[in-house]
Peer 1: 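My questions all concern the structure below.
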Amino acid sequence: MKHLASIAELHKFNGLPAPEHPQITLIQCKNSCSIGEREFTTDFYMIGFKKLISGAVMYGRTKYDHDNGSMSFFKPRQVIEFRNLELEEDGFLIFVHEDFLNGHILHSEIKKYGFFDYESNEALHLSPKEEEIVWDLFHKIQTEYNSNPDEYSRDIMLTHIDSILKYSQRFYNRQFINRTELLGKTVSKFNKLLSAYFSNGGLSKGLPTVNYMAEQLNLSSRYLSDLLKKETGKTALELIHIYLISEAKNLLMVADQSVSEIAYTLGFENLPYFSRLFKKEVGISPNQFKKQLYN
């Protein structure tokens with residue numbers, strides 16, 4: 001598999017002229033936007049906007065959902081493949097080498113944007129007004145990129161890139177709300193799945209994980225957590241913990257079992273971990289909780 005460690009390699013890989021800058025490049029796509037046509041990995045963050053007629057983008061070996069007017073986000077060292085992309089309108093790709101962020105606030109801030117970990121059926125679909133905002137920011141970056149560089153160039157470009165990311169987070173929040181209205185609350189499906197896991201003997205395989213829950217719901221784990229956070233204020237892992245502790249409290253009240261037996265029944269192989277989690281959620285240890293029942 002081809003790994004692209006520099007922007008120059010990216011340009012050479014795709015038969016493009018040498019880049020204007022060694023650590024950032026902008027590619028505006030007209031009718032087609034094929035990069036590589038085979039699997040590759042990079043040391044770059046990538047932001048793309050495309051209106052696809054046909055073709056496929058594979059990210060993390062999963063087909064990326066690309067309806068009209070969609071944005072996608074890629075992080076360094078993920079497996080990516082662009083295959084036979086045909087566009088309805090112009091699109092763009094922004095490639096930023098991770099080293100370009102060193103010493104800038106975006107170096108840490110970019111890691112907070114969960115959509116770089118979204119994989120399947122989770123592209124950002126923009127309204128016409130949202131498209132205008134994104135294109136305006138792209139053209140501002142493009143203007144600075146094509147100007148004579150000075151001590152302000154890098155900061156200006158990164159500021160506009162940060163604005164694209166902030167707007168994208170806002171637009172994703174809108175998409176989460178729209179998705180909930182159209183498909184129903186994800187938390188209801190999540191809780192139903194958790195209940196089924198318990199009642200159907202899933203605990204014999206251990207505690208339910210966020211990855212397992214996400215796979216069952218056909219979402220990536222990061223997208224699921226962000227969606228649940230928007231709906232409930234809690235992440236997927238926090239909701240799993242709440243459910244487990246609710247079950248634990250019930251068993252401590254009604255079951256003639258020791259704390260360690262209850263922990264094992266709930267899929268915990270590590271009693272200290274169960275005790276710490278219980279105390280964190282309830283405020284007292286499971287032993288103290290059990291003793292209170294007899295006082």
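Just so it is clear, the structure is predicted and the values come from calculations on it, not from any experiment.
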Peer 1: Is it the case that one hydrophobic cluster holds both Leu10 and Leu16, taking links as side-chain heavy atoms less than 4.5 Å apart, direct or via other members?
Peer 2: yes
Peer 1: Can you check whether Phe278 and Phe289 have ring centres sitting under 6.0 Å from each other?
Peer 2: yes
Peer 1: State the CE-CD1 distance between Met253 and Ile262, to the nearest 0.5 angstrom.
Peer 2: 11.5 Å
Peer 1: Run the side chain to side chain contact (heavy atoms under 4.5 Å, CB included) test on Gln28 and Phe138 for me, step by step, so that the C-alpha distance in whole Å, both residues' side-chain angles and the decisive distance to 0.1 Å come before the verdict.
Peer 2: CA-CA 10 Å; Gln28 189 161 347; Phe138 173 79; 3.7 Å; yes
Peer 1: Counting only heavy atoms not in Tyr264, do more than 12 fall under 6.0 Å of its OH?
Peer 2: no
Peer 1: Is there a donor-acceptor pair closer than 3.5 Å between any side-chain N or O of His11 and the backbone N or O of Pro17?
Peer 2: yes
Peer 1: Salt bridge check: are Glu132 and Lys129 linked by an N-O gap of less than 4.0 Å?
Peer 2: no
Peer 1: Taking side chain to side chain contact (heavy atoms under 4.5 Å, CB included) as the definition, give me every residue that meets it alongside Arg170, ordered by chain and number, with sequence neighbours left out.
Peer 2: Tyr167
Peer 1: Under 3.5 Å, is there a donor on one side chain and an acceptor on the other for His139 and Gln142?
Peer 2: yes
Peer 1: Please name the pair of heavy atoms, one in Glu261 and one in Gln257, separated by the smallest distance, quoted to 0.1 Å.
Peer 2: OE1-CA, 3.3 Å
Peer 1: Can you find a heavy atom in the side chain of Ser275 that is under 4.5 Å from one in the side chain of Phe268?
Peer 2: no
Peer 1: Would you sort out whether Leu266 and Phe198 count as a side chain to side chain contact (heavy atoms under 4.5 Å, CB included), showing the intermediate values?
Peer 2: CA-CA 8 Å; Leu266 290 172; Phe198 276 77; 3.9 Å; yes
Peer 1: What closest approach, in Å, do Ala236 and Phe190 show between heavy atoms, and which atom pair accounts for it?
Peer 2: O-CZ, 3.6 Å
Peer 1: Do Leu165 and Glu109 make a side-chain contact, defined as non-hydrogen atoms from C-beta onward lying under 4.5 Å apart?
Peer 2: no
Peer 1: For Ser195 and Tyr243, what are the C-alpha separation, side-chain angles and deciding distance, and is it a side chain to side chain contact (heavy atoms under 4.5 Å, CB included)?
Peer 2: CA-CA 9 Å; Ser195 180; Tyr243 192 96; 3.5 Å; yes
Peer 1: Would you name the heavy atoms of Glu130 and Leu126 that are closest together and state the gap between them?
Peer 2: OE1-CA, 3.4 Å
Peer 1: Among Ile161, Leu106, Ile7, Ile24, which residue satisfies the side-chain contact (heavy atoms from CB on, under 4.5 Å) criterion with Phe100?
Peer 2: Ile24
Peer 1: According to the interplanar angle, ranging from 0 to 90°, do the rings of Phe95 and Phe44 count as parallel (below 30°), tilted (30 to 60°) or perpendicular (above 60°)?
Peer 2: perpendicular
Peer 1: Search all heavy atoms of His97 against all heavy atoms of Ala5 and return the closest pair with its distance.
Peer 2: NE2-O, 3.0 Å
Peer 1: Determine the minimum heavy-atom distance between Ala123 and Ser70, stating which atoms define it.
Peer 2: CB-CB, 4.1 Å
Peer 1: Given a cutoff of under 4.5 Å between side-chain heavy atoms of I, L, V, M, F, W and Y, with clusters grown through shared members, what are the other residues clustered with Ile156?
Peer 2: Tyr152
Peer 1: Quick one, Thr235 and Val210 - any side-chain contact, counting heavy atoms below 4.5 Å?
Peer 2: no
Peer 1: So, for Phe176 and Tyr223, is the gap between ring centers shorter than 6.0 Å?
Peer 2: yes
Peer 1: Should Leu227 and Leu237 be regarded as members of a common hydrophobic cluster, given that ILVMFWY residues are connected when their side-chain heavy atoms come within less than 4.5 Å of each other, either directly or indirectly?
Peer 2: yes
Peer 1: Drop me the distance from His241's NE2 to Leu277's CG, to the nearest 0.5 angstrom.
Peer 2: 5.0 Å
Peer 1: For a salt bridge (charged side-chain N to carboxylate O under 4.0 Å, His left out) with Glu98, tell me which candidate from Lys111, Lys75, Arg77 qualifies.
Peer 2: Arg77
Peer 1: Answer yes or no: are there more than 12 heavy-atom neighbours, outside Ile284 itself, under 6.0 Å from its atom CD1?
Peer 2: yes
Peer 1: How many angstroms lie between CD in Gln23 and CE in Met157, if you round to the nearest 0.5 Å?
Peer 2: 10.0 Å
Peer 1: Determine, step by step, whether Glu9 and Lys12 satisfy the salt bridge (charged side-chain N to carboxylate O under 4.0 Å, His left out) criterion, reporting the C-alpha distance in whole Å, the side-chain angles of both residues, the deciding distance to 0.1 Å, and the verdict.
Peer 2: CA-CA 5 Å; Glu9 283 184 74; Lys12 185 176 180 181; over 6 Å; no
Peer 1: Apply the test side chain to side chain contact (heavy atoms under 4.5 Å, CB included) to residues Ile164 and Ile94: give CA-CA distance (whole Å), side-chain angles for both, the deciding distance (0.1 Å), then the verdict.
Peer 2: CA-CA 11 Å; Ile164 287 178; Ile94 303 172; 4.0 Å; yes
Peer 1: Output yes when Lys230 and Asp226 qualify as a salt bridge under the 4.0 Å nitrogen-oxygen rule, no when they do not.
Peer 2: no
Peer 1: Tell me if the centroids of the rings in Phe115 and Tyr172 come within less than 6.0 Å of each other.
Peer 2: yes
Peer 1: Which atom pair, heavy atoms only, marks the closest approach of Thr143 to Ser147?
Peer 2: O-OG, 2.6 Å
Peer 1: Do the side chains of Pro286 and Leu252 get nearer than 4.5 Å, heavy atoms only?
Peer 2: yes
Peer 1: With the side chain counted from C-beta on, respond yes when Ile110 and Val96 share a heavy-atom pair under 4.5 Å apart, and no when they do not.
Peer 2: no
Peer 1: Could you state whether Trp135 and Ile133 fall into the same hydrophobic cluster, counting links through intermediate Ile, Leu, Val, Met, Phe, Trp or Tyr residues with side-chain heavy atoms under 4.5 angstrom apart?
Peer 2: yes
Peer 1: When you compare the side chain of Tyr197 with that of Met213, does any pair of heavy atoms fall below 4.5 Å?
Peer 2: no
Peer 1: Would you compute the distance between atom CG of Asn14 and atom CG of Leu4 and round it to the nearest 0.5 angstrom?
Peer 2: 7.5 Å
Peer 1: How long is the straight-line distance from OG of Ser163 back to CG of Leu158, given to the nearest 0.5 Å?
Peer 2: 11.0 Å
Peer 1: Nearest 0.5 angstrom please: Thr41 OG1 to His3 NE2, how far?
Peer 2: 5.0 Å
Peer 1: Is there side-chain contact between Lys166 and Tyr113, with at least one heavy-atom pair below 4.5 Å?
Peer 2: yes
Peer 1: Do Lys140 and Asp136 have side-chain heavy atoms sitting under 4.5 Å apart?
Peer 2: yes
